[in-house]
2 protein chains.
Amino acid sequence: MNKSAYHKLVERGIRPSAQRLAIMDYLLTHFTHPTVEDVYQGLHDEIPTLSRTTVYNTLHLLAERNAVQMITIDDRQACYDGNTAPHVHFFCKKCGKIVDLMDEDVPTFKLPKTVHGHVVDEVQLYYKGICSECANMK
Amino acid sequence: MNKSAYHKLVERGIRPSAQRLAIMDYLLTHFTHPTVEDVYQGLHDEIPTLSRTTVYNTLHLLAERNAVQMITIDDRQACYDGNTAPHVHFFCKKCGKIVDLMDEDVPTFKLPKTVHGHVVDEVQLYYKGICSECANMK
DNA sequence: ATGGGTGCAAAGGATTTGCAACATT
DNA sequence: AATGTTGCAAATCCTTTGCACCCAT
């Protein structure tokens with residue numbers, strides 16, 4: 001179990017229950033942009049009693065406290081990213097794959113604190129199109 | 001009826017049916033980031049027989065041909081923007097409001113054609129936080 | 001008459017809610 | 001005991017699908 005999962009939780013005032021630790025740890029060790037279902041399936045062996053409701057609750061809580069990022073790039077379902085540093089996501093409209101883009105590939109952008117009086121605490125930059133694999137098979 | 005609705009459609013090879021014209025026109029005259037339901041309700045008087053299915057079909061078609069932008073900033077439902085120029089959206093996590101941010105307020109960003117072999121045809125920059133109204137009432 | 005477009009009803013899928021059981025302080 | 005957490009089942013909401021009808025070419 002990744003020790004930083006525990007710290008991520010307590011440092012944000014979240015009680016480290018077994019379920020929350022497992023979910024936080026899952027996000028810190030799987031940078032595959034898992035959906036709620038992915039997390040649920042991925043932890044099923046480890047915690048057989050885990051419910052989807054708890055995954056929903058926990059992921060919402062973690063996102064609210066900025067322990068994880070909620071990614072809304074795919075209109076069909078939300079997914080989550082344990083990497084909270086602002087970075088760019090590419091979404092393939094054909095296969096639905098989400099890939100991280102390195103800093104070198106994208107214009108740098110930084111998070112303003114407020115814009116027109118609106119408090120900004122999160123920035124998401126999404127690129128959408130057709131991934132190289134889907135482009136080649138056509 | 002806005003004449004440019006007709007042109008937007010034919011110029012992208014979309015047959016200008018009465019429903020499509022009305023929906024395209026709605027997006028070109030309401031920059032309120034309407035959802036499918038909003039468009040459906042908004043056109044109900046004008047076209048009483050309009051179905052939600054047609055709104056879904058048409059909005060998908062328009063987004064696919066880049067006649068409108070699909071905005072996935074709110075995880076609960078997609079909304080649409082008739083302004084296809086890349087610009088920035090702010091989402092209030094409390095009240096759900098979406099506001100456009102002008103160029104002066106945000107870093108300029110431009111659309112790369114490809115990144116790592118992935119074809120990019122759309123860029124979305126989202127800011128999320130608490131809007132000024134919600135911030136003040138707390 | 002042929003193909004595309006529309007609309008109804010049903011199905012599907014993701015997410016939320018209500019509530020009772022459980023754990024922890 | 002009191003409070004917060006979990007999990008089941010049901011409900012809700014958004015979106016898609018299947019299919020029949022309609023319209024225009």
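Naming convention: chains lettered A, B, ... in sequence-line order (proteins, then strands); numbering from 1 in each chain. Because the structure is a prediction, the values reported are computed rather than measured.
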Could you give the CD1-to-P distance, from Ile14(A) to dT5(D), as a whole number of Å?
10 Å
In residues 47-59 of chain A, what residues come within less than 4.0 Å of DNA chain D, judged by heavy atoms?
Thr49(A), Leu50(A), Ser51(A), Thr53(A), Thr54(A)
Keeping Arg12(A) on the side-chain end and Asn66(A) on the backbone end, is there a donor-acceptor pair under 3.5 Å?
yes
Ring pair (Phe, Tyr, Trp, His ring centres under 6.0 Å) filter on Tyr40(A), not counting sequence neighbours, yields His44(A)
Taking 4.0 Å as the cut-off, does a side-chain nitrogen or oxygen of Arg20(B) come that near to OP1 or OP2 on dT6(C)?
yes
Under the 3.5 angstrom rule, does the side chain of Ser17(A) hit a backbone N or O of Arg20(A) as a donor-acceptor pair?
yes
From CG of Asp75(B) across to P of dA14(C) the rounded distance in Å is 14 Å
Separation of Asp74(B) atom CG from dT15(C) atom C1', in whole Å?
12 Å
Restricting to non-hydrogen atoms, name the atom on Asn83(A) and the atom on Gln69(A) that form the minimum distance, rounded to 0.1 Å.
O-NE2, 2.7 Å
Rounded to whole angstrom units, what separation is found between the CD1 atom of Ile23(A) and the P atom of dT5(D)?
13 Å
If the condition is side-chain contact (heavy atoms from CB on, under 4.5 Å), which residues does Val99(A) pass it with, not counting sequence neighbours?
Phe90(A), Lys97(A), Leu101(A), His118(B)
Can you give me the N/O atom pairs linking the protein to nucleotides 20-25 of chain C at distances under 3.5 Å, or say none if there are none?
none

Quick one: side chain to side chain donor-acceptor pair (under 3.5 Å) partners of Gln41(B), sequence neighbours excluded?
Glu37(B)
Mind calculating the distance between CG (Leu21(A)) and C1' (dT5(D)) to the nearest angstrom?
13 Å
Output every pair passing side-chain hydrogen bond (donor to acceptor under 3.5 Å, both in side chains) with a member in residues 53-62 of chain B, not counting sequence neighbours, ordered by first then second residue.
Ser51(B)-Thr54(B)
Take atom CZ of Arg76(B) and atom C1' of dG13(C), then tell me their distance rounded to the nearest Å.
18 Å
Rounded to the Å, how far apart are Leu9(A) CG and dG4(D) P?
18 Å
With a 4.0 Å cutoff (strictly under), does any side-chain N or O of His60(A) reach OP1 or OP2 of dT15(C)?
no
For Thr35(A) and Tyr40(B), find the nucleotide of DNA chain C closest to each by heavy atoms; which residue's nucleotide sits nearer the 5' end?
Tyr40(B)
Under 4.0 angstrom, heavy atoms only, what part of the nucleic acid is Gln19(A) near: base, sugar-phosphate, or nothing?
sugar-phosphate
Has Gln77(A) got a side-chain N or O lying under 4.0 Å from the OP1 or OP2 atom of dT15(D)?
no
Between Lys113(B) and Asp121(B), is the closest basic N to carboxylate O distance under 4.0 Å?
no
If you measure from the Lys or Arg side-chain nitrogens to the Asp or Glu carboxylate oxygens, is any gap between Lys93(A) and Glu122(B) under 4.0 Å?
yes
